[in-house]
There are 2 protein chains.
Amino acid sequence: MTEFELGSRSNSGYSAWRLITEELRGEIAENRLRAGDHLPTENMLAERYSVNRHTARQAIAALVEDGLVESQRGSGTFVTSEPARLHQIGLRTRLTRSLGDDGSASASSRVLSSTIEEAPEDIARRLGLPHRKAIRVETTRSTGGLHIAVGTHWFDVERLPDIATALRRTGSVTAALRACGIEDYVRTSTVVGARHATASEAELLSLRPGAIVLVTEALDGLPDGTPLQHLVTRFAAQHVRLDIEHPSAD
Amino acid sequence: MTEFELGSRSNSGYSAWRLITEELRGEIAENRLRAGDHLPTENMLAERYSVNRHTARQAIAALVEDGLVESQRGSGTFVTSEPARLHQIGLRTRLTRSLGDDGSASASSRVLSSTIEEAPEDIARRLGLPHRKAIRVETTRSTGGLHIAVGTHWFDVERLPDIATALRRTGSVTAALRACGIEDYVRTSTVVGARHATASEAELLSLRPGAIVLVTEALDGLPDGTPLQHLVTRFAAQHVRLDIEHPSAD
DNA sequence: CGAAGTTATCTATTTATCTAGACAACTTCA
DNA sequence: TGAAGTTGTCTAGATAAATAGATAACTTCG
């Protein structure tokens, strides 16, 4: 097993306890520590990572707060038996418009704002805009009281001039597109990345600053290829898995 | 927002400069800051994140060290790096082939180890193993001198008894499968998540401890659906984004 | 019961990180 | 040329994180 040392750990921008927390979280995620298992004791962790016992305790405390482990005075700390529920969200790869990217049926999305803005150059290009004037819509999605994702949608203001009012009325992008006469649309590309959440994303998703977000960047278009919507969605990585369907070519 | 930021940022386990560094890195990776672009000045960053200018400088210094930006006294700091490269994921995804589709011959994969182990229960179930005895193979993948991904492969030891020797001989999973008589296989399912790298992953990928990995968990099978390989791949998120293949709508 | 091992809590101290202000060196542009 | 704006460097102080040691409360097991 590889342990980081003081040299590489200090000055890394990550506190010692955070690194230990995430290391243990990774072991749980990889099933090397399983439900019910006894975590290394505080003294063992302190020795393994060359830190004080208090630092090891702080690392464990973060896992306790996340519900991954439970501490019992006198006996030890154990991996929680029922792992936190993960939301499996389907990434749309064909025109499953009814469910699609909105995933589980219980998900509710809300429009935070919609403004007319100058689109960034690359987004304007992907949308095929000569003028760069676009409608920008910010949305959030939550299920079961948990904030799951925030989305930034870009529409061509000339192609869909009424999308803003339709959005405010329907509260849903899909319904708003239908109100604008778009019955069918197709996802033409999706790119997935991961990074730390920005401060505003962390606030919207009820995450700590620095939490990890999965970022999907997608382009929706008419079946003939005309681009309709550029969509950037940020998911809280600790609650979400993205499920990719692989439609067989035949 | 700014005062709230300070309060919630502390005690997060991430230093202020690290959060700023990672936010800027994300903007570069997602091509919102492009090669040649002027970074916000130190004073602008300090104001935007409500930190001292020295803290903003430290954030930039980390990007300089990673070779993403270059500072020029008097004029500013500029982006020097390209956005994260794309790794394609689709029906015919092979770890060996899909990276470096720019035709660069620099992409290479390496078999680190192969052992016979008792597979974890969930993996055994997905592979359809009654006996739980499986071959576990660890691989790494790099391109352009960058370590891109590490993979953990699981095979049925009874269905593919010779895969280990074939792997050691060929060095490639695809070639080894072909040597075992598997001419064609397809991706059945892919699930994507993200978390911090463990210390061992960070070492294999030449990342700092605490860096972010994209984790894909995939099942490959014969065209008739028989499971062949369970594959967990960890990509260095700062270098890679996943490009989800969409079937052409024809 | 008693000993050993565990988590919980407290105080004090050291070390690392962040803030504050000043000035120098350099570039850009009017 | 000069003014404004930028990065580079220095000193000092304030705040947060980690260390060190001690003791209590609880569990397990011989």
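Residue numbers begin at 1 in each chain, while the letters A, B, ... track the order of the sequences.
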List the residues meeting salt bridge (charged side-chain N to carboxylate O under 4.0 Å, His left out) with [X], not counting sequence neighbours, and say none if there are none.
| X | answer |
| --- | --- |
| E42(A) | R53(A), R57(A) |
| D66(B) | R25(B) |
| R195(A) | E201(A), E30(B) |
| R34(B) | E121(A) |

Show me the donor-acceptor pairs, under 3.5 Å and distance only, between side chains in residues 112-120 of chain A and residues at least two apart or in other chains.
residue, atom, partner, partner atom, Å
S114(A), OG, R168(A), NH2, 2.7
T115(A), OG1, E117(A), OE2, 3.1
E117(A), OE1, R136(A), NH1, 3.4

request  = Give a yes/no on whether any side-chain N or O of W17(A) is located under 4.0 angstrom from OP1 or OP2 of dA17(D).
outcome  =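 For dA17(D), neither OP1 nor OP2 has a side-chain N or O of W17(A) closer than 4.0 Å.
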Starting at atom [atom1] of [X], determine the distance to atom [atom2] of [N], rounded to an integer number of angstrom.
| X | N | atom1 | atom2 | answer |
| --- | --- | --- | --- | --- |
| E47(B) | dG5(D) | CD | P | 14 Å |
| R18(B) | dA16(C) | CZ | P | 17 Å |
| I20(A) | dT19(D) | CD1 | C1' | 13 Å |
| N52(A) | dT11(C) | CG | C1' | 13 Å |
| L45(B) | dG5(D) | CG | P | 17 Å |
| F78(B) | dT6(D) | CZ | P | 11 Å |

Hey, can you pull the donor-acceptor pairs under 3.5 Å for the side chains in residues 144-152 of chain A, sequence neighbours left out?
residue, atom, partner, partner atom, Å
H147(A), ND1, L204(A), O, 3.1
H147(A), ND1, S206(A), OG, 3.4
T152(A), OG1, E138(A), OE1, 3.1
T152(A), OG1, E138(A), OE2, 3.2
T152(A), OG1, R234(A), NH1, 2.9

query = Can you list the residues that meet the ring-ring contact (aromatic ring centres under 6.0 Å, His included) rule with H153(A), with sequence neighbours excluded?
reply =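 Per chain and number, H153(A) pairs via ring-ring contact (aromatic ring centres under 6.0 Å, His included) with no residue.
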message = Over the length of the helix from dC1(C)-dG30(D) to dA30(C)-dT1(D), how much do the five-pair end axes diverge, rounded to 10 degrees?
response =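 Computed from the C1' atoms at both ends, the axes differ by 30°.
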ask   = Salt bridge check: are R48(A) and E23(A) linked by an N-O gap of less than 4.0 Å?
value =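 Answer for the salt bridge query: no.
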Heteroatom pairs (N/O) under 3.5 angstrom, protein to nucleotides 6-9 of chain C:
residue, atom, partner, partner atom, Å
dT6(C), O2, G74(A), N, 3.4
dT7(C), OP2, E42(A), N, 3.2
dT7(C), O4', G74(A), N, 3.4
dA8(C), OP2, R57(A), NH1, 3.2
dA8(C), O4', R73(A), NE, 3.3
dA8(C), O4', R73(A), NH2, 2.9
dA8(C), N7, R53(A), NH2, 2.7
dA8(C), N6, R53(A), NH1, 3.1

